[in-house]
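What follows is one structure encoded as structure tokens, with my remarks underneath.
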Amino acid sequence: MTDDEQELGITESKSHNTGDWYAEVVRKAGLASYGPEGMSGFIVTRPRGYALWEAVQNALDAEFKDTGVQNAYFPVFIPESYLEREKDVVEGFDPEVAWVTQGGHEELDERLAVRPTSESIIAPYIAQWVRSHRDLPMRVNQWCSVVRWEATETKPFFRTKEFLWQEGHTAHETDEGAWEETMLRLDQYESLYEDVLAIPVLRGQKPPHDTFPGAKTTTTVEALMPDGKSVQGATSHHLGQSFAEAFDITFSDEQEEERVAHTTSWGVSWRCLGALIMTHSDEQGLVLPPTVAPTQVVVVPIWQSDTREEVLEYAEGVTAELEDAGISVELDDRDERNPGFKFNEHELNGVPLRIEIGPNEVDDEELTLVHRPDGESVVEDRDDVAETVERHFDEVYAKLYAAAEETLDGAVREADDRAEILGTLGRHGGYVETPWCGDVDCEAEIKEQIAAEIVMVPFEDDDELIGTDHEETCGVCGEPAERTAYFAKSY
RNA sequence: GGGGCCGUAGGGUAGUGGUAUCCUCGCUGCCUUGGGUGCAGUGGACCUGAGUUCGACUCUCAGCGGCCCCA
């Protein structure tokens, strides 16, 4: 009967069986279901899962709008001739593009790509809209889904053939302008992770061989997952002038000279939800920071038949007061479930804070608050409940962030030679920081042996191996090192 | 890209060439609460297709789907 005892909740071990555990949390917490038969790699995002995406959207969209971005929407289909105009993009995405060849009963003259990304349909319009330097910088963003027909295995939110994301596209007068834009968006992504999702990240750039097709520089925020793999949390590209040249994004400068613009693009997908779920959740189920939780507080009344009325009345008062303060609160007054059942259910669903109200609380004009992440229970005065709850939100957030930060700090290890790199990655996972000569072959060697790659290289300003005299040699080949590389297995 | 494991009601399990079982699942009624297990009744499945067979959930093949390991 042990299986029966556990069947309502999570049965898989987070540390030993992370994949199954993750799938179980996603399903049992009501975040997503698998797609229909014949459509492996697609998921149905259920309301509680979609609410998480909306929280991310709300946070980011406000930041974007505060920094000069306007939202727009471009077609889901891209004519093949458009896609072909930037050759690196064609080559980069070719194996993953889904094509439409028929409309109604008619064969199409030109097949249409289901967008794998929209540079090639947005850029031509930006080219039309930009005439003079006065039109720059131009920034458009769209919230949409894209399709990448990956052959590799899929995992809800982490890797799905269709995924929701946001893609921003900008054009600038100068290279510096484009660079500043690239970094501004990366800062905003970092802030999304650290201030909204409670996940500390490493920031830097991708090695040259792993940049976005056609891009000059690809930047990334990397988050560590509990199984020791790294996930690219968001990305921001300095595209240089290659797209502007391919799509004729030109403008007249102050001297009436025709010049080619510099462009950027940047995006974050619902993969950030995968990182969110995987980072904080535990073997009781989903754990969410109050910043994104669809239900932030649940009030559970606990009564005996003679106290029922007063307990409920008190609980309703508390609920109403929290609602008035703009807090997302649910009063769980179902009478066919006992409190223990409700506790477990709300824990499974990731409600960050629970308020227990029974006759004792009513008599003492108090509340019992319980933090989801660690079960800490605190008795507080009934007065100023909204303020008290907000304070506990901050505490819960801090607990989540601190735990994730500790994990990350402990997972960055240094290694100076090949054996140490392989040994450390094999034994501990996480990140291995090593001097690197810059040659892609050195990465390939590690990749072959242990399937880890360079997920991040610190920015030039943060990398002490640049521009200074040092004796460091590449951890793989022993040639003089030019950069610091972070190796990790990745999603 | 290569290899392995797996697919049985909402969930969890078994098992057999002759249609299971458990549940904290659904529904109805009764019961009423400080960490999921009250009582009674009732409902519902063998991933899809082809083959073998008197008969396939079971055996074979293919497909679809899921998970894991390696590249």
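Lettering of chains follows the sequences in order, A, B, ..., and the numbering in each one begins at 1. The structure displayed is predicted, hence computed values, not measured ones.
- Rounding to whole angstrom units, CG of residue A:Asp20 and P of B:G12 are separated by 11 Å.
- Listed nucleotides: B:U32, B:G66, B:G34. Nearest to the side chain of A:Ser40: B:G66.
- Residues passing the salt bridge (Lys or Arg N to Asp or Glu O under 4.0 Å) test with A:Glu167: none are found, sequence neighbours excluded.
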Inset, instruction - Please test A:Leu369 against A:Leu353 for side chain to side chain contact (heavy atoms under 4.5 Å, CB included), starting from the C-alpha separation and ending with a verdict. - result: CA-CA 7 Å; A:Leu369 277 66; A:Leu353 190 65; 4.1 Å; yes
Report all interatomic pairs (protein N or O, nucleotide N or O of nucleotides 69-71 of chain B) with separations under 3.5 Å.
residue, atom, partner, partner atom, Å
B:A71, OP1, A:Glu448, O, 2.9
B:A71, OP1, A:Gln449, O, 3.0

Between protein and nucleic acid, restricted to nucleotides 39-42 of chain B and to nitrogen or oxygen atoms under 3.5 Å apart, what atom pairs and distances do you find?
none

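- Under 3.5 Å, the side chains of A:Thr219 and A:Gln205 contain no donor-acceptor pair of N or O atoms.
- Taking atom P in both B:A71 and B:G55, one finds a spacing of 49 Å when rounded to whole Å.
- When distances run from any side-chain atom of A:Ile302 to the nucleotides B:G65, B:C67, B:G34, the shortest one goes to B:G34.
- For B:U60, the glycosidic angle deviates from 0 by more than 90°, giving an anti base.
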Legend entry - Base-pair map of RNA chain B as dot-bracket, where | denotes pairing with a different strand and pairs are Watson-Crick or G-U under 3.5 Å: (((((((..((((....[.)))).((((((.......))))))...(((((..]....)))))))))))).
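- When distances run from any side-chain atom of A:Arg27 to the nucleotides B:U32, B:G34, B:G12, the shortest one goes to B:G12.
- For A:Gln304, counting side-chain heavy atoms from C-beta on, the closest listed nucleotide (B:C68, B:G36, B:G34) is B:G34.
- A search for side chain to side chain donor-acceptor pair (under 3.5 Å) contacts involving A:Glu361 returns A:Thr368, not counting sequence neighbours.
- In this structure, of B:C25, B:C67, B:G66, it is B:C25 that holds the atom nearest to the side chain of A:Arg337.
- Distances were taken from every side-chain heavy atom of A:Glu361 (C-beta onward) to each of B:G35, B:U37, B:G34; the shortest belongs to B:G34.
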Taking only N/O atoms, report every protein-nucleotides 6-9 of chain B pair under 3.5 Å with atom names and distance.
none

